[in-house]
Asker: 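Dumping the structure here so I can ask a few things about it.
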Amino acid sequence: MAVVSVKSLYRDTAVHLNQAVTVSGWIRTLRASNTIGFIELNDGSFFKNVQVVFDASCPDFASLAKLPIATAITVRGKVVTSDAAKQPFEIFAHAINVEAMSDNDYPLQKKRHSLEYLREIAHLRPRTNLFSAVFRVRSVLAHAIHCFFQERGFVYVHSPILTGSDAEGAGEMFRVTTLDLLNVPRHNGKVDFTQDFFGREAYLTVSGQLEAEIFALAFRNVYTFGPTFRSENSNTSRHAAEFWMIEPELAFADLQDNMTNIEELIKCVVAYVLRECPEEMVFFNEFLDKGLLTRLESVVGSEFAEITYTEAVSLLKQSGQKFEFAVEWEKGLQTEHEKYLSEQVFKRPVFVTHYPKELKSFYMRQNNDGRTVAATDLLVPGIGELVGASQREERYDVLLSRMQELNMPLAPYWWYLELRKYGGVKHSGYGVGFERLVMYVTGVANIRDVIACPRTVGNLKI
RNA sequence: UCCUCAGUAGCUCAAUGGCAGAGCAAUCGGCUGUUAACCGAUGGGUUGUAGGUUCGAGUCCUACCUGAGGAGCCA
């Protein structure tokens, strides 16, 4: 008999009711007495478990009643309605076959564990309710992002993970080398990278944006979605050394077009997850954040706020709010300022636009005022910066003089400058921290809990 | 990197400078259509590490390690 998924049992209950079925999965918990036992079985296909009832008519009843948690079993039985309150149906077992034993020192108990403890057993935590929900939503969210862009004709670009540029400006980089670190070749006192794998220095990418621009100027609308690496010594609940980013790039688009696209993306993928993962979302709302569903539904339904950086600064100055750091136009917004804006003033996602050029990257398009650039950050309650965006500087001379102002080496960027010479139309793009999006959608507070095997400073356990 | 807090049984946590404990888990037994089942019994400790103060340190002091929260940096 074909094995039926637990998801199918829940989604098509009427089809299976009073029918013989075979299911296979792992024991989440087991309760038994002399005459009857109950197994909550999870088969991986669905967030919820199915209750398996077995009594003395089931072969090997006594030994089945002692099986440890996490034992893998196959159950043959009949789907019946359940008398008890907590489940609409259950499986009455005729036979239970052990596929793979577990052990009584299994670290996950029938109780609530701390997130810190679960991080130490990252190889087992996907078997818990919370992580089962998180990683299913992460998968659905990734799919939603591809759907959004593919439906709109965006081309998915695989930007390089290995890069030769060490001055992308987005953060500290991991060096990649095949040189023997115990016997490094030298030339005139310096490391001789001509003997390294690529014949030059190489790093892991901190952003695929510059390469995405290449493709935007050929395919018009493109996006990247892949891993990114930053070796910064940052120790917060929102930073990881390895994370995923989505970096769309739109040709013939200014900052406003960019922001329209960002808002559509966020609303579309949030709505998608609410639709596809109702059980998981109810769980998050229950156990992590009672206001989650209300907040996400309002995100889908309402306009994002918009304010210029200069307006935001004067709004903060006039707010009367006590801040640890004074608000100053030249110094940029502190985290406390951003939180006040998104959580107290607007209480929803807010675009802050036109930042001082000194605070932003060289490639952002300079405004006519001579002091700001066409850039925006999308700030969301609870997370802070979710999206960083800008119109790119398409004017060759302006870009060149800005790079010279910043004393940047020009040679590595010859191709980036050359893009401006041949039909370098206005274009815009943005970067979304995928894990931050997962956090925002699930209510999970620590980035380490939305990554399968998180890498942070001093931590690469599994 | 800086600031703050924490580290005691497998897990979650108690213990005034004076005998190191509880709940859950595990093991054994009982019992019941159970829902983190329930009831009884049993085993389980170099109190993060190294020094110091003291008649006596889980408790006070110093350094280090680990974790968490916040800041900076950013996505």
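Below, chain A is the first sequence line, B the second, and so on; all start at residue 1.
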Asker: Does A:K7 come within less than 4.0 Å of A:D43, counting only side-chain N to carboxylate O?
Answerer: no

Asker: Can a donor-acceptor pair be found between the side chains of A:H427 and A:E394 at a distance below 3.5 Å?
Answerer: no

Asker: Nearest-nucleotide wise, let me know which of A:L333 and A:K461 is further upstream toward the 5' end of RNA chain B.
Answerer: A:K461

Asker: Quote, to the nearest angstrom, the P distance that separates B:G10 from B:A71.
Answerer: 35 Å

Asker: Of the options B:U34, B:C73, B:U12, whose atoms approach the side-chain atoms of A:S114 most closely?
Answerer: B:U12

Asker: Taking only the side-chain heavy atoms of A:Y117 (C-beta and beyond), determine which of B:G69, B:U35, B:G10 contains the nearest atom.
Answerer: B:G10

Asker: Only one of A:V300, A:V432, A:L141, A:V140 passes side-chain contact (heavy atoms from CB on, under 4.5 Å) with A:V269; say which it is.
Answerer: A:L141

Asker: Suppose you measure atom P in B:A15 against the same atom in B:U8; what distance do you get, rounded to whole Å?
Answerer: 14 Å

Asker: Base, sugar-phosphate, or nothing for A:L386, non-hydrogen atoms under 4.0 angstrom?
Answerer: sugar-phosphate

Asker: Under 4.0 Å between a side-chain N or O of A:T29 and OP1 or OP2 of B:A37?
Answerer: yes

Asker: Please measure how far the C1' atom in B:G7 lies from the corresponding atom in B:C64, and state the result in whole Å.
Answerer: 14 Å

Asker: What does B:A25 pair with, Watson-Crick or G-U, if both distances are under 3.5 Å?
Answerer: none

Asker: Base, sugar-phosphate, or nothing for A:R119, non-hydrogen atoms under 4.0 angstrom?
Answerer: sugar-phosphate

Asker: Starting the side chain at C-beta, find the nucleotide from B:C74, B:G69, B:G33 nearest to A:N446.
Answerer: B:G69

Asker: Using distance alone, with no hydrogens and no angle criterion, decide if A:Q334 and A:E338 have a side-chain donor and acceptor under 3.5 Å apart.
Answerer: no

Asker: Regarding B:G70, can its base be found pairing with the side chain of A:E324 as donor and acceptor, where the two atoms are less than 3.5 Å apart?
Answerer: no

Asker: Would you indicate which nucleotide in B:U34, B:G67, B:G70 comes nearest to any side-chain atom of A:Q87?
Answerer: B:U34

Asker: With respect to the phosphate group of B:A37, does any side-chain polar atom (N or O) of A:R31 fall under 4.0 Å of OP1 or OP2?
Answerer: yes

Asker: Taking the side chain of A:N233 as heavy atoms from C-beta outward, which of B:G69, B:C74, B:U1 is closest to it?
Answerer: B:U1

Asker: Starting at the 5' end of RNA chain B, which residue's closest nucleotide do you reach first, A:R448 or A:H113?
Answerer: A:H113

Asker: Verify the ring-centre separation between A:F215 and A:F154: is it less than 6.0 angstrom?
Answerer: no

Asker: Name the pairs: protein N/O against N/O of nucleotides 25-31 of chain B, kept only if under 3.5 Å.
Answerer:
residue, atom, partner, partner atom, Å
B:A25, O4', A:Q109, OE1, 3.4
B:U27, OP1, A:N104, ND2, 3.1
B:C31, OP2, A:N34, ND2, 2.9

Asker: Look at the side chain of A:T335 and decide which nucleotide, out of B:A37, B:G33, B:A71, has an atom nearest to it.
Answerer: B:A71

Asker: Verify whether the ring centers belonging to A:F46 and A:Y10 lie closer than 6.0 Å.
Answerer: yes

Asker: Quick one: do A:S82 and A:E90 satisfy side chain to side chain donor-acceptor pair (under 3.5 Å)? Show the steps, please.
Answerer: CA-CA 6 Å; A:S82 182; A:E90 62 196 16; 2.9 Å; yes

Asker: Output yes when at least one side-chain N/O atom of A:T236 is less than 4.0 Å from OP1 or OP2 of B:G70, else no.
Answerer: no

Asker: Pick the P atom in B:C19 and in B:G58, then give their distance to the nearest Å.
Answerer: 10 Å

Asker: Mind checking if A:Q51 touches a base, just sugar-phosphate, or nothing, with heavy atoms under 4.0 Å?
Answerer: base

Asker: Pick the P atom in B:U16 and in B:A6, then give their distance to the nearest Å.
Answerer: 15 Å

Asker: Is the cationic atom of A:K360 (NZ for Lys, CZ for Arg) positioned less than 6.0 Å from the six-membered ring centroid of A:Y355 and within 45 degrees of its normal?
Answerer: yes

Asker: Nearest to the A:E40 side chain among B:U35, B:G72, B:G33, which nucleotide is it?
Answerer: B:U35

Asker: For B:U59, which nucleotide is its Watson-Crick or G-U wobble mate, given both distances must be under 3.5 Å?
Answerer: none

Asker: Under 3.5 Å, which protein N or O atoms sit close to an N or O of nucleotides 43-49 of chain B? Give each pair with its distance.
Answerer:
none

Asker: Quote, to the nearest angstrom, the P distance that separates B:G21 from B:U42.
Answerer: 15 Å

Asker: Under 3.5 Å, is there a donor-acceptor pair linking the side chains of A:Q150 and A:Y223?
Answerer: yes

Asker: For the P atoms, the ones on B:U49 and on B:U66, what distance do you get once it is rounded to whole angstrom?
Answerer: 15 Å

Asker: How far does the P atom of B:A25 sit from the matching atom of B:C38, given to the nearest Å?
Answerer: 7 Å

Asker: Using 4.0 Å as the upper bound for N to carboxylate O, is an ion pair formed by A:E336 and A:K339?
Answerer: no

Asker: Taking the six-membered ring for Trp and the single ring otherwise, decide whether the centroids of A:Y156 and A:H158 are under 6.0 Å apart.
Answerer: yes

Asker: Contact class for A:Q209 (heavy atom, under 4.0 Å): base, sugar-phosphate, or nothing?
Answerer: nothing

